[in-house]
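Written below as structure tokens is the structure these notes are about.
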Amino acid sequence: MLQVTISGDRQVLQVFGEMVSRLDDMRPLMAEIGEEMVERTKQRFSDITAPDGTPWADNADSTIADYLNRFSGSRKKDGALSKKGLARKAGKKPLTGETGSLRATINYLLKGDDAVRIGSPMDYAPFQQYGTKPHTIELRNKKALAFGGIVVRKVNHPGIPARPFLGFSDDDQDAILEIVRSYLKTE
């Protein structure tokens with residue numbers, strides 16, 4: 001607990017007392033910081049950049065192909081991309097799936113009275129944030145899963161490049177400092 005002794009002007013004592021009382025309950029401040037950082041994090045999905053301004057890696061050709069194969073009319077009869085397919089390909093940004101679930105689930109959680117966490121509950125969020133190394137995936141017969149599954153084949157996965165969406169830029173830190181300054185102001 002912070003203890004300060006000030007003697008003198010009653011108005012100074014009152015203002016200082018108000019500031020100290022605000023520090024007793026930091027939850028409103030943490031919530032405001034959480035809300036600000038959620039919006040800034042979601043904006044990165046539109047900007048296609050990491051907190052430090054680095055552009056995210058483009059989608060792999062296989063990702064684009066899988067995406068286009070989900071839509072009828074993306075390809076001509078000869079297999080080439082149609083106008084719709086070309087438009088879909090041009091509009092496909094990294095981390096922007098059909099549902100936008102990763103972006104939509106960015107939220108904050110107050111941790112105690114003096115901390116806030118920003119993140120997503122999506123189980124694949126860490127793979128996007130940190131990336132993965134190349135690895136082998138075992139494809140299993142789904143009917144045999146009750147018995148541990150039977151490996152049908154192994155597929156080499158090239159890995160996922162890191163596309164950091166969580167973190168703090170210099171602008172984020174400036175915004176947080178402004179929120180703190182505003183919170184500590186007295187009227």
| query | Can you check whether P164's main-chain N or O pairs, donor with acceptor, with Q128's side chain at less than 3.5 Å? | reply | no

| Which side chain to side chain donor-acceptor pair (under 3.5 Å) pairs, counting each pair once, include a residue from residues 161-172, with sequence neighbours left out? | R40-D172, R44-D172, S169-D172

| query | Would I64 and K92 satisfy side-chain contact (heavy atoms from CB on, under 4.5 Å), going step by step from the backbone distance to the final call? | reply | CA-CA 8 Å; I64 297 289; K92 179 68 174 115; 3.7 Å; yes

| Any sub-3.5 Å donor-acceptor pair from Q129's side-chain atoms to A162's backbone N or O? | no

| By side-chain contact (heavy atoms from CB on, under 4.5 Å), which residues pair with L81, not counting sequence neighbours? | L68, R75, L86, K89

| task | Treat each ILVMFWY residue as a node, draw an edge where side-chain heavy atoms are under 4.5 Å apart, and state whether L184 and I179 are in one component. | result | yes

Please table the atom pairs, donor to acceptor, closer than 3.5 Å between any side-chain atom in residues 108-126 and protein atoms at least two apart or in another chain.
residue : atom : partner : partner atom : Å
Y108    : OH   : E35     : OE2          : 3.4
S120    : OG   : T105    : OG1          : 2.7
S120    : OG   : M122    : N            : 3.1

| request: Output the distance between atom CD1 (I33) and atom CD (E36), rounded to the nearest 0.5 Å. | output: 9.5 Å

| task | Compare every heavy atom of Y183 with every heavy atom of M26, then report the nearest pair and how far apart it is. | result | CA-OH, 4.2 Å

| request: Output yes when a side-chain donor or acceptor of D25 lies under 3.5 Å from a complementary backbone atom of R27, and no otherwise. | output: yes

| request: Please report the closest heavy-atom contact between I106 and K42, naming both atoms and the distance. | output: O-CE, 3.7 Å

| request: Kindly work out whether a path of hydrophobic side-chain contacts (I/L/V/M/F/W/Y, heavy atoms less than 4.5 Å apart) joins F127 to W56. | output: yes

| query | Cut-off 3.5 Å, side chains only: do T49 and D47 have a donor facing an acceptor? | reply | no

| field | Backbone N/O of M37 and side chain of T41: donor-acceptor pair under 3.5 Å | value | yes

| Where do F45 and L102 land on the side-chain contact (heavy atoms from CB on, under 4.5 Å) test, with the steps shown first? | CA-CA 9 Å; F45 288 79; L102 184 57; 3.9 Å; yes

| Donor-acceptor contact present, side-chain S82 to main-chain K76, <3.5 Å | no

| query | Looking at CG of L177 and OG of S182, how far apart are the two atoms once the value is rounded to the nearest 0.5 Å? | reply | 12.5 Å

| query | More than 12 heavy atoms of other residues, nucleotides or ligands under 6.0 Å from CG of D61: is that the case? | reply | no

| note | In short, A57 meets P94 closest at the heavy-atom pair O-CG, 3.1 Å

| Does Y130 share a hydrophobic cluster with I48, counting links as ILVMFWY side-chain heavy atoms below 4.5 Å and allowing steps through other members? | no

| query | How are the rings of H135 and H157 set to each other: parallel, tilted or perpendicular (split at 30° and 60°)? | reply | parallel

